Every structure is written in C-alpha cells, then in structure tokens.
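A quick note: this is a predicted structure, and the numbers were derived from the prediction, not measured. First the proteins, then the strands, lettered A, B, ... as listed; each starts at 1.
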Protein chains: 2
Amino acid sequence: MSQKKPYMTIAKPTVEEDILLSWGAAYKKVNKGDIIFMEGGQSCFYYQLVKGRVRWVNINEDGREFIQVMIEEGESFGELPLFDEMPYAATAIADEDSIVLRLCKSHFHQMVRSSYDIHFNFTRLLVERLRFKFLTLKEIAYNNPEQRISNLLRYYKRNTSIGDKLVKLQYTRQQIADMTGLRVETVIRTIRNLHERGALKIQRGKVFF
Amino acid sequence: MSQKKPYMTIAKPTVEEDILLSWGAAYKKVNKGDIIFMEGGQSCFYYQLVKGRVRWVNINEDGREFIQVMIEEGESFGELPLFDEMPYAATAIADEDSIVLRLCKSHFHQMVRSSYDIHFNFTRLLVERLRFKFLTLKEIAYNNPEQRISNLLRYYKRNTSIGDKLVKLQYTRQQIADMTGLRVETVIRTIRNLHERGALKIQRGKVFF
DNA sequence: GAAAGAATATGACCTTAATCATATTTACGC
DNA sequence: GCGTAAATATGATTAAGGTCATATTCTTTC
C-alpha cells in the first residue's frame, strides 16, 4: 500500500526547496481536483510541486482534456508566462492532494538573475520539456495507437525505473488517452492487445511492464 | 517577384551577428536540400540562420517528414543538445539555399555564461518554441483537419503580417501536411473547402488570407 | 463485507481521413 | 515559347479509430 511510487520524473528538483524559501516562497496545500491556475490567465507566481501530482492540461469545448505535462514531485510548472509575459498556455489541476511551493513573480525574476546555475536549470528544464514535445508530436503525427502507447510506456519506464525490473503504470487508461490524443476505448483495446501478445502484463486491470 | 517575403518569425534574431562573430562564429553556405545535422547525431556546433530557410524535421521509416520547426532568418536551431548533452532531436535540412552562422560548442557555452541577456534570450526562445508545441499538440490531438489548418494559418499570419492585410502563404500543401500530420490530399481538399466558403483565397494554386 | 463509484472491458456500427490512381495546372530552365 | 518537373486537384475505395451502449471488474468507504 505505502510502496514507493515509481514516478515519471522528467526533471530533477528544479530549484532546491530551501533556496526557494529563502526567496520568500510559501507552501500551499491543494486538494485533488483543485485548479491551481487557468489557461489564458495572467501569471503572478512561480510554482513548484513538493508533494503529490499535478496535471497540466488543455481543456476543449466538450470538456475533453489533453495532458501536456504530468508534473511530478520536485518539478516546476507554469513557468512559461514568467519568461515571456504571455498568458498561461494550459490549466494546472491537482491530480491528487498536493503541496506546492509558490514564489511571487518579481522575486522569481530576482532569483533567476542572481544565479547562473538556477537560470541554467530552467533552461535545461525547458530543453527537456521541448525534447519531450518533439517526441510526442512525431508520435502523434505519424504513428498508430499501438506505437504511440508503446513509446509513451517506454519513455515512462526510462524515467521511472532503474534497470529493467517490472514497473507498475501509474496512469489510468483515460489519462493515457488524454496524453496521446486517443479515446479510452482505443487505449483499453490496444493495451489488451499488447497484453495478449506478451508485450506487457495486466493484473487486476493494472499495467505492468 | 522580389517582394519581401512575409516570413514566419517565431523569435527575433536570437543572438546579434557581430556578437557571434566576436566569439568566433563562421559563415557557412548550404544548398537547398543539404542536411546540416542529423537526428540522433552528436552536437558540436551552435547554428543560427542568416539567410534562407531551414526545416527541422523528423523522418520516419517510410521517408515521411514531420516538420517540427520552420526556421526563419535570424533564428537559432539545433540548440537542444548544447544544453542537455543529448543527441539531436531532429534533422535540419536547408529548405532553400541558405547561409548559416556556426559557433563551436565550447565557445557557445562561454558566450551564454558571459551574458545574462544572451542566456535569457535563449530561455525566451525555448519558451516560445515550447508554447508553439503546446499549441500544435492540442490541435493535432483534438481537432479535425480544418481546425488544425485554420489555426496554423492564423498563427502564421500573426507572426508574419502587420495589421490584417492579405498574406501569401509561403508553404506548399505538402509542407502544411508535414506540419500538421495530415496527408497532402487532405490538406488540398480542406484548403479548397475553406476557399469555397470564403475563408481564404486561392489564386493560381497559391493561398492568400 | 455490502454498496457505490471508478475504471476496465467488449461488441456493433459509423465516420473520417488515408490510400491509390490519375488528371490538370503552375513554375522553371533553356 | 517549349518541355519537364513540381505542385495542385479530384474521384473512388478502404481501413482505422471513434462513438455509443452496456457489462464486468476493481477499489474505496462506511
């Protein structure tokens, strides 16, 4: 039950907690389902996830979500507007009860200016995110559901496990669908197929690979 | 004929030419179709486009291209590996005869370290590219061909023209297809429809809007 | 451990864009 | 201006994934 969750960590803790605190950041508790900020809104804060999980999504007219990034512990989010003064590109929603660190915009800018290393970490983070987008985009543009899902899983595993021991997927089929632009049913069917062909294992609905 | 081309400029000149030159950058001529660097390869240089156009693409097993970014004059490209030491995420091909500025990796790092503003410009560029990826991804994931294409055109126009005077699209149908993950025929048909409904104009095959 | 609510599963049918084939128009070199 | 290559156009057919409806299994809570 209280097993260590194998998180999908795209980046290491962006900024050390104590550094953020020294610049005046404050902890904030958010409940599952809470909206932290909204697509199109103006930005006032830098956010970093301390505990929990946040999904960073676009929501279309029919209420369908597209998950742009799953934010895991230690990762920053909502930093785009802090660098280009544009509105938020997507909405941040707590995927589970979470704790975030929040630093106001002006202090954030001072902090970035104060240290090459901190600044470089952000540059690096953006590069990693961009790389992931390059990958996702070519997947979605050219591959069939099976390849899209397989490659997402491969990526997940690479960022989640050491060695090649079995990993339990921490996403629902719906979330996979929302990350790949497919429908739940298609994801379910595809994962079933992969299971039948031995490419992964389904145990009580959960995916292991 | 020699009209000023309304380029799609996602970013302003990333680094001023004379600054690059002072750090030891050298001009290099490339012919239309030349490969500047290849996906998966190791990176040795920073590149910036002086003249012409470069497409930055993933190519799949069947030889189909997916255009990740169209690089316009003044923009940098291939900088991802310089920040994260990973291989190139895509292949850069000269879309027309072009001139690039090339700066070796170590000098690039010194340059970035030397000036907060130069560093910040890169951060900003990455943010803009990331924003564009967010946009493209949600388009591709959730919209039909018509919306994908319309939104691409809208984005093109915003980055290309001042005011709302008519713009001539500088992309072929094939390139639109390679940017949206659709097929040429679909793009052709969709643009025809848009033309029929008065959303844009086709004159001798060229698109104006 | 029973009930309620998520999440997963599965079948039948339908729609949309891909595919393939071929024609026409436009651009370009000499 | 003629010939060739590239780009655009259009019809017929197909297949892949979406849609809808419903069932089953798993998880959580009291």
Side-chain angles (χ1 to χ4, degrees), chain A residues 1-3 5 32-33 55 60 62-67 95-97 139-150 153 168-196 200-209, chain B residues 1-3 5 31-33 55 60-67 95-97 139-150 152 168-196 200-209:
Chain A
M1 258 315 77
S2 72
Q3 56 153 354
K5 291 197 211 159
K32 181 172 176 174
R55 58 182 200 277
N60 77 355
D62 320 329
R64 286 195 65 197
E65 292 188 2
F66 179 76
I67 301 180
D95 202 54
E96 39 185 82
D97 292 350
E139 288 298 331
I140 290 190
Y142 286 143
N143 288 337
N144 56 30
E146 181 163 322
Q147 290 172 294
R148 284 197 224 176
I149 293 173
S150 300
L153 295 190
K168 178 179 174 186
L169 185 64
Q170 302 287 346
Y171 298 142
T172 64
R173 309 285 193 279
Q174 183 62 62
Q175 287 180 325
I176 303 266
D178 292 347
M179 289 190 264
T180 52
L182 299 166
R183 301 294 150 140
V184 218
E185 298 93 331
T186 305
V187 172
I188 287 171
R189 282 186 250 258
T190 307
I191 289 185
R192 272 275 99 210
N193 286 346
L194 289 169
H195 164 79
E196 252 123 56
L200 50 78
K201 259 194 269 190
I202 301 181
Q203 261 164 37
R204 341 182 94 246
K206 294 279 161 273
V207 177
F208 297 83
F209 63 104
Chain B
M1 260 314 81
S2 72
Q3 54 155 356
K5 291 196 211 161
N31 297 315
K32 181 174 174 169
R55 60 181 200 277
N60 75 356
E61 316 75 58
D62 321 328
R64 286 194 65 195
E65 291 188 3
F66 178 76
I67 301 180
D95 202 55
E96 39 186 81
D97 292 349
E139 289 299 331
I140 290 190
Y142 287 142
N143 290 337
N144 55 30
E146 182 163 321
Q147 290 172 295
R148 284 197 224 177
I149 292 172
S150 299
L152 179 67
K168 179 179 173 186
L169 185 64
Q170 303 287 345
Y171 299 142
T172 65
R173 307 285 193 278
Q174 183 61 63
Q175 287 179 325
I176 304 266
D178 292 346
M179 288 190 265
T180 52
L182 300 165
R183 301 293 149 141
V184 218
E185 298 93 330
T186 305
V187 172
I188 287 171
R189 282 187 249 256
T190 306
I191 289 183
R192 273 271 106 207
N193 287 346
L194 289 169
H195 164 80
E196 253 123 55
L200 49 77
K201 259 193 270 193
I202 300 180
Q203 259 166 39
R204 342 183 93 245
K206 291 279 159 278
V207 176
F208 296 84
F209 64 104

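A straight line from CD of Gln147(B) to P of dA17(C) spans 10 Å, rounded to a whole angstrom. Rounded to a whole Å, the CD atom of Gln174(B) is 12 Å from the P atom of dA18(C). One atom, CD of Gln175(A), and another, C1' of dT8(C), lie 14 Å apart when rounded to the nearest Å. Protein atom CG of Asn143(B) is 19 Å distant from nucleotide atom P of dG17(D), rounded to whole Å. Atom CD1 of Ile188(A) is separated from atom C1' of dG11(C) by 13 Å (rounded to the nearest Å). Lys32(B) has its NZ atom 9 Å from the P atom of dC28(C), to the nearest Å. If you take CD1 of Ile149(A) and P of dT8(C), they are 12 Å apart, rounded to a whole angstrom. Atom-to-atom, CD1 of Ile140(A) to C1' of dA17(C) comes out at 17 Å; the value is rounded to the nearest Å.
Nearest to the side chain of Arg192(A), among dA9(C), dT10(D), dG18(D), sits dA9(C). Relative to the side chain of Asn144(A), the nucleotides dG17(D), dA9(C), dA9(D) differ in distance, and dG17(D) lies closest. Nearest to the side-chain atoms of Arg173(B) among the listed nucleotides dA9(D), dG18(D), dA9(C) stands dA9(D).
If you check every strand for non-hydrogen atoms under 4.0 Å, Ile202(B) touches sugar and phosphate atoms only. When heavy atoms are screened at a 4.0 angstrom cut-off, Leu182(A) is found touching the sugar-phosphate backbone but no base atom.
A side chain to side chain contact (heavy atoms under 4.5 Å, CB included) with Phe209(B) is found for one member of Ile191(B), Ile202(B), Leu169(B) and no other, namely Leu169(B).
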Quick one: which protein N/O atoms are closer than 3.5 Å to N/O atoms of nucleotides 20-26 of chain D? Pair and distance per line, please.
from, atom 1, to, atom 2, distance (Å)
dC20(D), N4, Glu185(A), OE2, 3.3

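Within the 4.5 Å cutoff, the side chain of Leu194(B) has heavy atoms near those of the Ser150(B) side chain. Side-chain contact check for Thr186(A) versus Thr180(A): every heavy-atom pair is 4.5 Å or farther apart.
Closest approach of Phe66(A) to Gly181(A), counting heavy atoms only: CE1-N, 4.1 Å. Closest heavy-atom contact between Thr190(A) and Glu146(A): CG2-CA, 3.5 Å. The minimum heavy-atom distance linking Leu200(B) with Phe208(B) is given by the pair CB-O, 3.5 Å.
Put simply, Thr186(B) has a side-chain N or O that comes within less than 4.0 Å of OP1 or OP2 on dA18(C).
For Gln175(A), the side-chain hydrogen bond (donor to acceptor under 3.5 Å, both in side chains) partners at least two apart in sequence or on another chain are Asp95(A).
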